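Since the structure is predicted, the reported quantities are computational estimates derived from the model, not experimental observations.
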Amino acid sequence: QVQLVESGGGLVQAGGSLRLSCAASGRTFSFYTMAWFRQAPGKEHDFVAGISSSGGSTVYADSVKGRFTISRDNAKNTVYLQMNSLKPDDTAVYYCAASRLVVVTTRQTNYAYWGQGTQVTVSS
């Protein structure tokens, strides 16, 4: 089992950058595929980016390709989401999630462990 805590959210102007972090408890962090999802008001959780347990494979939603970068540091039990060129449409609560599946999946139901979320607000 793993517990996840996100940080790094905030208010930023359009075109700006933020870096989200997700710290995981437990000694088995390196076994988990990790992902970031987001939920805007009145909408479902949307997949943003995912990374395999080794960090060798990443997947991005089309809406963030070229702007966001997911990475992980298994020695620090932490996964990151670097967000550049932010747009008002990126405004949402961002969640970190962990899956025991080997492949990176975009399906919310494949992730058993979730953090509490961190708010990102992008002003125009």
J.: Identify the heavy atoms of Phe47 and Val104 that sit nearest to each other, and give their distance.
T.: CZ-CG1, 4.4 Å
J.: If you link ILVMFWY side chains whenever their heavy atoms are less than 4.5 Å apart, which other residues fall into the same cluster as Val102? By chain and number, please.
T.: none
J.: Please list all pairs meeting salt bridge (Lys or Arg N to Asp or Glu O under 4.0 Å) that have one or both residues in residues 75-93, counting only residues at least two apart or in different chains.
T.: Arg38-Asp90, Arg67-Asp90
J.: By the rule that ILVMFWY residues connect when side-chain heavy atoms come within less than 4.5 angstrom, directly or transitively, which residues belong alongside Tyr80?
T.: none
J.: Between Ser17 and Asn84, which heavy-atom pair has the shortest distance, and what is it?
T.: OG-OD1, 2.9 Å
J.: My understanding is that only residues two or more places apart in sequence, or in another chain, count here; which of them pass side-chain hydrogen bond (donor to acceptor under 3.5 Å, both in side chains) with Ser71?
T.: none
J.: Quick one: list whatever passes side chain to side chain contact (heavy atoms under 4.5 Å, CB included) with Ser30, sequence neighbours left out.
T.: Asn74
J.: If hydrophobic clusters are built from ILVMFWY residues whose side chains come within less than 4.5 Å, do Val12 and Val93 share one?
T.: no
J.: What heavy-atom pair brings Val2 and Ser25 nearest, and what distance separates the two atoms?
T.: CG2-O, 3.2 Å
J.: In Å and rounded to the nearest 0.5 Å, what is the CG to OG1 distance from Leu81 to Thr118?
T.: 11.0 Å
J.: Where does the angle between the aromatic ring planes of Tyr95 and Trp114 fall among parallel (under 30°), tilted (30 to 60°) and perpendicular (over 60°)?
T.: perpendicular
J.: Backbone N or O of Ser52 within a donor-acceptor pair of the Arg72 side chain at under 3.5 Å?
T.: yes
J.: Could you give the side-chain donor-acceptor pairs of residues 54-62 under 3.5 Å, partners two or more places apart or in another chain?
T.:
| unit_1 | atom_1 | unit_2 | atom_2 | d |
| --- | --- | --- | --- | --- |
| Ser54 | OG | Gly56 | N | 3.2 |
| Tyr60 | OH | Ile70 | N | 2.9 |
| Asp62 | OD1 | Lys65 | NZ | 3.2 |

J.: Could you pull out all residues at least two apart from Ser7 that satisfy side chain to side chain contact (heavy atoms under 4.5 Å, CB included)?
T.: Ser21
J.: Can you give me the closest heavy-atom contact between Tyr94 and Leu20, atom names plus distance?
T.: CB-CD1, 3.6 Å
J.: Taking salt bridge (Lys or Arg N to Asp or Glu O under 4.0 Å) as the definition, give me every residue that meets it alongside Arg19, ordered by chain and number, with sequence neighbours left out.
T.: none
J.: Can a donor-acceptor pair be found, under 3.5 Å and without considering hydrogens, that links the side chain of Glu6 to the backbone of Gln116?
T.: yes
J.: Which heavy-atom pair separates Val48 from Phe68 by the least distance, and what is that distance?
T.: CG1-CD2, 3.7 Å
J.: Tell me if the CD atom of Gln119 is crowded by more than 12 foreign heavy atoms within 6.0 Å.
T.: yes
J.: Using the side chain to side chain contact (heavy atoms under 4.5 Å, CB included) criterion, which residues pair with Ala14? Sequence neighbours excluded.
T.: Pro88, Val122
J.: Sorted by first residue and then second, give each disulfide bond (SG atoms under 2.5 Å apart) pair with at least one member in residues 62-93; sequence neighbours left out.
T.: none
J.: Would you say the side chain of Tyr32 lies within less than 4.5 Å of the side chain of Arg100, judging by non-hydrogen atoms?
T.: yes
J.: Before giving the answer on side-chain contact (heavy atoms from CB on, under 4.5 Å), spell out for Met83 and Trp36 the whole-Å C-alpha distance, their side-chain angles and the decisive distance to 0.1 Å.
T.: CA-CA 12 Å; Met83 306 186 295; Trp36 289 93; over 6 Å; no
J.: Please, which pairs that meet disulfide bond (SG atoms under 2.5 Å apart) have at least one residue in residues 23-96, sequence neighbours excluded?
T.: Cys22-Cys96
J.: Considering all heavy atoms of both residues, which atom of Leu4 and which atom of Met34 are nearest to each other, and what is their separation?
T.: CD2-CE, 3.9 Å
J.: For Tyr111, what residues pass the ring-ring contact (aromatic ring centres under 6.0 Å, His included) criterion, not counting sequence neighbours?
T.: Phe37
